[in-house]
Amino acid sequence: MTAPRQAAEEAVYRFPHRHLLGIEGLSPEHISFLLDLADSYVEQNRKPDKKTDLLRGRTVINLFFETSTRTSSSFELAGKRLGGDVMNMSVSQSAIKKGETLIDTAMTLNAMHPDVLVVRHPDAGAVKLLSEKVNCSVINAGDGMHEHPTQALLDALTIRRRRGRIEGLTVAICGDILHSRVARSNIHLLTTMGAAVRVVAPPTLMPCAVERFGIEVTHDMEDGLRDCDIVMMLRLQNERMQGMFVPSTREYFRFFGLTREKLAVAKPDALVMHPGPMNRGVEIDSELADDIDRSVIREQVEMGVAVRMACLDALTREQTGNAD
Amino acid sequence: MKTAYLNARLLDPASGLDTAGGLLVEDGRIAKLGAKVFKGGAPKGVEAIDCEGLCLAPGLIDMRVNLCEPGAEHKETIATAGAAAAAGGITTMVALPNTTPVIDDVSIVEFIARRARGHGRVKVLCYGAITQGTEGSQLTEMGLLAEAGAVAFTDGTEVVADAMVMRRALSYASGFGLLIVQHPEEPSLAACGVMNEGEIASRLGLMGIPAQAETMVVERDIRLVEITGGRYHAAHLSTAGAIDAIRRAKKQGLPVTCDTAPHYFALNESAVGDYRTFAKVSPPLRSEADREAVVEGLVDGTVDIVASDHAPHDQDSKRLPFNHAAAGVIGLETLLPLTLEPYHNGKLTLLEALAKLTSAPATLLGLESGRLEAGAPADLVLFDPDLPWRIEEKSFLSKSKNSPFDGRPVQGRAVRTAVDGVPIHDGVPVRDGVPADRPEG
């Protein structure tokens, strides 16, 4: 009895948060703790018997106010592999137009005593608002243009396993930075862990004052990619765009799409990443995306399950540790 | 009916009067005032009020108030706004036309006047809309609306975006000598924005509204004033650029004025913090540099007036993701102490601060109140400029409680408010006994 208890207490000490709402504000120790934990789940997921009973009796609800296949299935699998009961709920676009639905849905679900709510919402800050109204832990699975913490963690895990470290690497994040929660979470995580970050995008897709995040800003792919270790491509988020940000996808691909020629200025072993889903031929050359020597896009998906298991584990251990 | 105010510190921004003395109210009007009045005590048969050295000033005139009546009575009514105003030392409110229906027709102006009479407290005046339905295209019957009592014209919380419509409005209004008040914000730049554009918006993942969205409309309108000669007032300025544009236009001798709201000099964009919807206002709270520029505008007189821009919203309108929450804060009960902050900070004299709440709006709107002089209506506020207290949501009389100032320690509070000589607020005991909401220590 003492050993797991000690482990739990240690975990509480190392990850003292009730929710995972964003990367901003997490310390390097907290991030490393989650990545270490995720690392152990990578091994477990590669075994024939992938299941544990760590979350036995626990209920995880995936509450998606925005459509998603990969993130929601990744969370679902993570919860199930830990032996938890997972329920998926997707709330239609039309219903969320009435904002009360958010609080009302939160209250309703809260009454069912879930242990973890995994929430995606099209509005920045909505997941935090919801977390204030419930008694369980909340994981942000993406809120508007704000944060997508588990994506940044899985990217970091992918990088760390390939390169052995994050500190000291140069990472270029390219594409639609403005609308991207993935970019924001990655910028926070990578700068917190000591990597140098560059963002590359046309000025219309760059957030205002983004240089204040402690990163380098450029509008030229060659400048951005030169000698970098990692290239992260982002999806052009047409669904979040109000009006015209780039004249055409053809022009966008010509100047900001990742091709072998553009990649040539990066380090010879530079890795190519993409959070998916990809717009082939818009932000990334299709053949390059499939090149297993350069692209770790599928590996990112694998890491996603492990990272989400680690997050569910860390937050539910914390609940045990703080039971009152 | 006579009332004597004794031992007061008389403050009249219009004349620069600041003296210990007395004031006599007779039949709802100021009969006489001065250092020598009631020096030997009050005469017999007169209601006497010992002011114990507190400040006696013209009642405040708040030229930007959303009354919510008609149309949104669940947020505020003329009665509840009146009670809040009285507690805040306000004796005249000017209602914005953004009601349902919009104040774009003589009958609505008459309705407001009738409702206000029914509640008989604070004076309620109103604007007429510039365009029908505040839709920005067809001019309203400004002449008839003015005859019915509309004191000036504005589309309130909507901008008159079309340059030709604005030109015609300024031009047409100038024939009657009427004032046009603009909500200056370029709508195409502000369309998806919910807070000030900058680092904080970028971090929160919220779409920003650049400061230039305000500046460019003010600059454009000033050019239209050059063409038309119309009287123009820019409302609730929040940016250094717009204030500078007004400063230059005034130097040029153009008939332009402007106001700001307390939140633009008492707060900056950091008040949004972690998606605090009570800090969502239109225009948005700006950068610290802009806030300093607003203070500077108050100090050098570029900003003529402070108005609360009172915008009540119920919980359901604010307890939403930031993108969807309603914009606006209540301000009637906090207008006086917040406008006294620049005085306490040594930026403004007490008379300068008061002028922006009394004589300046009175002059702009052509009201006979807003000054202490024999013959003027006895719209008065007796206040303690130094009294420390803490703004508390639970003590608001306004029907809605959306104030970003909840918990803020402030100084200065109305003790007694009178309209036409009739007391409508007789508040917190001051010298004898500590008010309940006074901060500890």
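A, B, ... follow the sequence lines: proteins, then strands. Residue 1 opens every chain. What's counted below: heavy atoms across the whole structure, side chains too, no hydrogens, waters or symmetry copies. Note that the structure is predicted; figures quoted are calculated from it, not measured.
- Within a 6.0 Å sphere centred on CZ of Arg291(B), heavy atoms belonging to other residues, nucleotides or ligands number more than 12.
- Note: Lys128(A) NZ to Leu204(B) CG = 10.0 Å, rounded to the nearest 0.5 Å.
- Only the side chain of Glu24(A) comes within contact range of chain B, judged by heavy atoms closer than 4.5 Å.
- Among all heavy-atom pairs drawn from His121(A) and Pro321(B), the shortest one is CE1-CG, 4.1 Å.
- Using a 4.5 Å cut-off between heavy atoms, Arg212(A) contacts chain B through both its backbone and its side chain.
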Could you go through Asp123(A) and Tyr275(B), starting from their C-alpha distance and side-chain angles, then the distance that decides it, and tell me whether this counts as side-chain contact (heavy atoms from CB on, under 4.5 Å)?
CA-CA 11 Å; Asp123(A) 291 310; Tyr275(B) 305 100; over 6 Å; no
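- Arg184(A) and Ser202(B) make their closest contact through NE-O, 2.6 Å (heavy atoms, listed as atom of the first residue, atom of the second, distance).
- Of the listed residues (Pro207(A), Gly22(A), Ala126(A), Ala124(A)), the one with the most heavy-atom contacts under 4.5 Å to chain B is Ala124(A).
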Apply side-chain contact (heavy atoms from CB on, under 4.5 Å) to the pair His179(A) and Met207(B), showing each step before the final yes or no. CA-CA 9 Å; His179(A) 298 97; Met207(B) 279 296 182; 3.7 Å; yes
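- Once rounded to the nearest 0.5 Å, the distance linking CD of Gln315(B) with CD1 of Ile103(A) reads 9.5 Å.
- For Leu178(A), the part lying near chain B is the side chain, with the backbone staying farther off; criterion is any non-hydrogen pair under 4.5 Å.
- Looking only at heavy-atom pairs under 4.5 Å with chain A, the residue among Ala325(B), Pro210(B), Gly205(B) that has the most is Gly205(B).
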